[in-house]
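Predicted model only: the values in this text are computed from it and were never measured. FYI, side chains are in, hydrogens and waters are out, and symmetry mates aren't considered; it's all heavy atoms of this structure.
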Amino acid sequence: MGLLMVKTANQSVPAGSQIALLSLSHLSHPYGSFDHMASPATAAEEENLPQVLLLLHPAAFTIFGEEHFTSAKFRFLKAYESSLPLDEFLAANARSVRALLVSAATVVGAGILDLLPELRVIVTTSAGLDQLDLAECRRRGIRIASAGDIYSADVADCAVGLLIDVLRKISASNRYVKNGFWASKGDYPLGSKLCLFQLRGKRIGIVGLGRIGLQVAKRLQQGFGCTVSYNSRKKKNPDQVPYPFYQDVRELAANSDALILCCGLTEQTRHAVDKEVLAALGKAGVIVNVARGAVVDEKEMVRCLVEGEIAGAGLDVFEDEPVVPKELLELDNVVLSPHSAVLTRESMMELARLVVGNLEAFFSNEPLLSEYEDD
Ligand SMILES: O=CC(=O)O
């Protein structure tokens with residue numbers, strides 16, 4: 001058994017016998033010390049450890065520091081260290097791998113799973129699971145451990161930050177001052193298009209009231225005096241979640257000043273925010289997306305922003321990352337971040353612990369720490 005490391009996204013990846021698939025693209029920062037990690041086994045001991053197949057961007061993993069993922073209970077099988085194409089590597093080296101470590105950028109479909117017949121667990125560094133073929137995993141009895149709740153507060157903070165920035169034009173004003181325009185052109189222009197909006201009292205529509213959505217709701221209601229409504233797969237128990245529920249995203253948009261997208265990407269939520277929803281949100285409406293780019297029909301959203309059919313957008317995610325529609329780069333009513341809502345030093349440190357903890361639990365036949373369960 002073992003962990004297999006595989007390259008992701010635009011990179012070719014070799015395949016093997018014991019692989020954990022992981023794309024640690026969001027671990028590429030210095031995150032400090034990891035005193036919690038077990039001391040590495042000796043070379044001889046390590047040879048006998050189960051392998052975890054690691055499918056990830058090798059540079060990201062190296063920069064993050066492999067030492068943070070050390071365990072006396074497993075070792076990584078790094079597909080990217082092989083010159084073989086991924087499928088050949090997997091076929092030759094990973095057939096007995098039972099655990100796979102991946103990230104949000106590592107697409108795992110039936111093709112890869114076919115090459116890993118012994119695979120029993122996928123540990124992903126992501127909260128979202130849209131990169132995994134969940135139905136295939138279920139069918140094959142492969143368990144999944146995600147980042148669970150680790151990022152929720154950070155993503156909620158980011159969503160609120162993006163909303164405030166769009167309404168108050170913080171980034172745009174920052175550019176204005178730094179470009180020397182305050183001195184050369186006078187006060188920041190507050191014409192009809194560039195006006196600043198108040199956050200207090202705004203009607204917030206949250207799409208996806210899970211762990212992240214609930215934290216966004218709490219921040220905006222309790223901290224900023226906003227009213228909150230939501231759309232979700234199912235209506236929540238009103239005793240626990242008192243916010244008004246809208247079954248239809250279009251109706252939610254029609255009753256909101258800002259729509260904040262916090263849902264997972266599924267066949268049901270793909271392009272859930274379409275032309276009609278954007279029209280319902282209207283000229284004074286703002287979109288904030290910390291979910292997945294494809295939850296919005298991006299082309300339509302860009303058109304609405306350019307033509308002033310919605311007021312602004314705060315976007316951490318895009319349909320074709322890292323490609324960002326060039327029209328958005330010009331707009332002062334649009335604030336962009338590079339899918340970095342989860343990236344804090346603290347959450348990355350917690351993530352390393354969780355990843356190692358999940359894999360150790362798996363190899364010790366103990367319950368996973370953050371197992372995903374279908375509902
Ligand atoms: O977007 C990031 C994640 O799903 O973890």
Side-chain angles (χ1 to χ4, degrees), residues 1-27 46-62 64 66 69 71 73-126 128-147 265-267 355-356 358-365 368 370-372 374:
M1 291 181 293
L3 292 174
L4 169 67
M5 295 171 133
V6 180
K7 299 180 190 178
T8 56
N10 305 333
Q11 312 198 352
S12 64
V13 186
S17 71
Q18 298 147 326
I19 289 184
L21 174 64
L22 165 67
S23 168
L24 292 175
S25 53
H26 52 278
L27 300 185
E46 200 178 314
E47 194 52 38
N48 293 319
L49 291 176
Q51 292 187 90
V52 174
L53 177 61
L54 181 55
L55 297 179
L56 84 164
H57 192 306
F61 197 66
T62 308
F64 183 62
E66 288 177 44
F69 290 87
S71 167
K73 296 210 166 124
F74 60 79
R75 66 191 166 98
F76 285 108
L77 175 58
K78 300 167 188 170
Y80 63 76
E81 287 182 348
S82 167
S83 55
L84 291 174
L86 178 60
D87 54 348
E88 283 176 36
F89 178 82
L90 292 179
N93 301 295
R95 295 196 69 78
S96 61
V97 158
R98 296 174 58 220
L100 178 62
L101 180 55
V102 302
S103 77
T106 317
V107 177
V108 181
I112 282 186
L113 297 177
D114 283 345
L115 295 168
L116 304 173
E118 299 303 319
L119 192 67
R120 290 296 166 264
V121 68
I122 299 176
V123 177
T124 175
T125 60
S126 61
L129 300 176
D130 50 286
Q131 79 280 32
L132 308 178
D133 186 333
L134 296 178
E136 260 316 302
C137 289
R138 195 180 314 116
R139 201 175 68 74
R140 295 169 191 238
I142 297 169
R143 297 157 69 193
I144 294 168
S146 73
L265 176 63
T266 63
E267 278 324 299
V355 162
V356 172
N358 268 311
L359 290 166
E360 289 188 338
F362 169 74
F363 288 118
S364 310
N365 292 321
L368 301 179
S370 54
E371 182 154 10
Y372 163 75
D374 269 337

[X] side, atom [atom1]; [Y] side, atom [atom2] - distance, nearest 0.5 Å:
X	Y	atom1	atom2	result
R75	N48	CZ	CG	8.0 Å
L359	S364	CG	OG	10.5 Å
I142	E136	CD1	CD	8.0 Å
I122	F362	CD1	CZ	11.0 Å
D133	I112	CG	CD1	11.0 Å
L134	Y372	CG	OH	5.0 Å

[X] versus [Y], closest heavy-atom pair with distance:
X	Y	value
S126	S146	O-CB, 3.5 Å
A104	T125	N-OG1, 4.3 Å
A145	L368	CB-CD1, 4.2 Å
L115	A91	CD2-CB, 4.4 Å
R140	D114	NH2-OD1, 2.7 Å

Verify side-chain hydrogen bond (donor to acceptor under 3.5 Å, both in side chains) between E360 and S71, making sure each step is shown before the conclusion.
CA-CA 8 Å; E360 289 188 338; S71 167; 2.4 Å; yes
Would you say D130 and T266 are linked by a side-chain donor-acceptor pair, where the criterion is simply a distance under 3.5 Å?
no
May I ask you to test the K73-P50 pair for a side-chain heavy-atom distance under 4.5 Å?
no
What pairs with E371 under salt bridge (Lys or Arg N to Asp or Glu O under 4.0 Å), at least two apart in sequence or on another chain?
R143
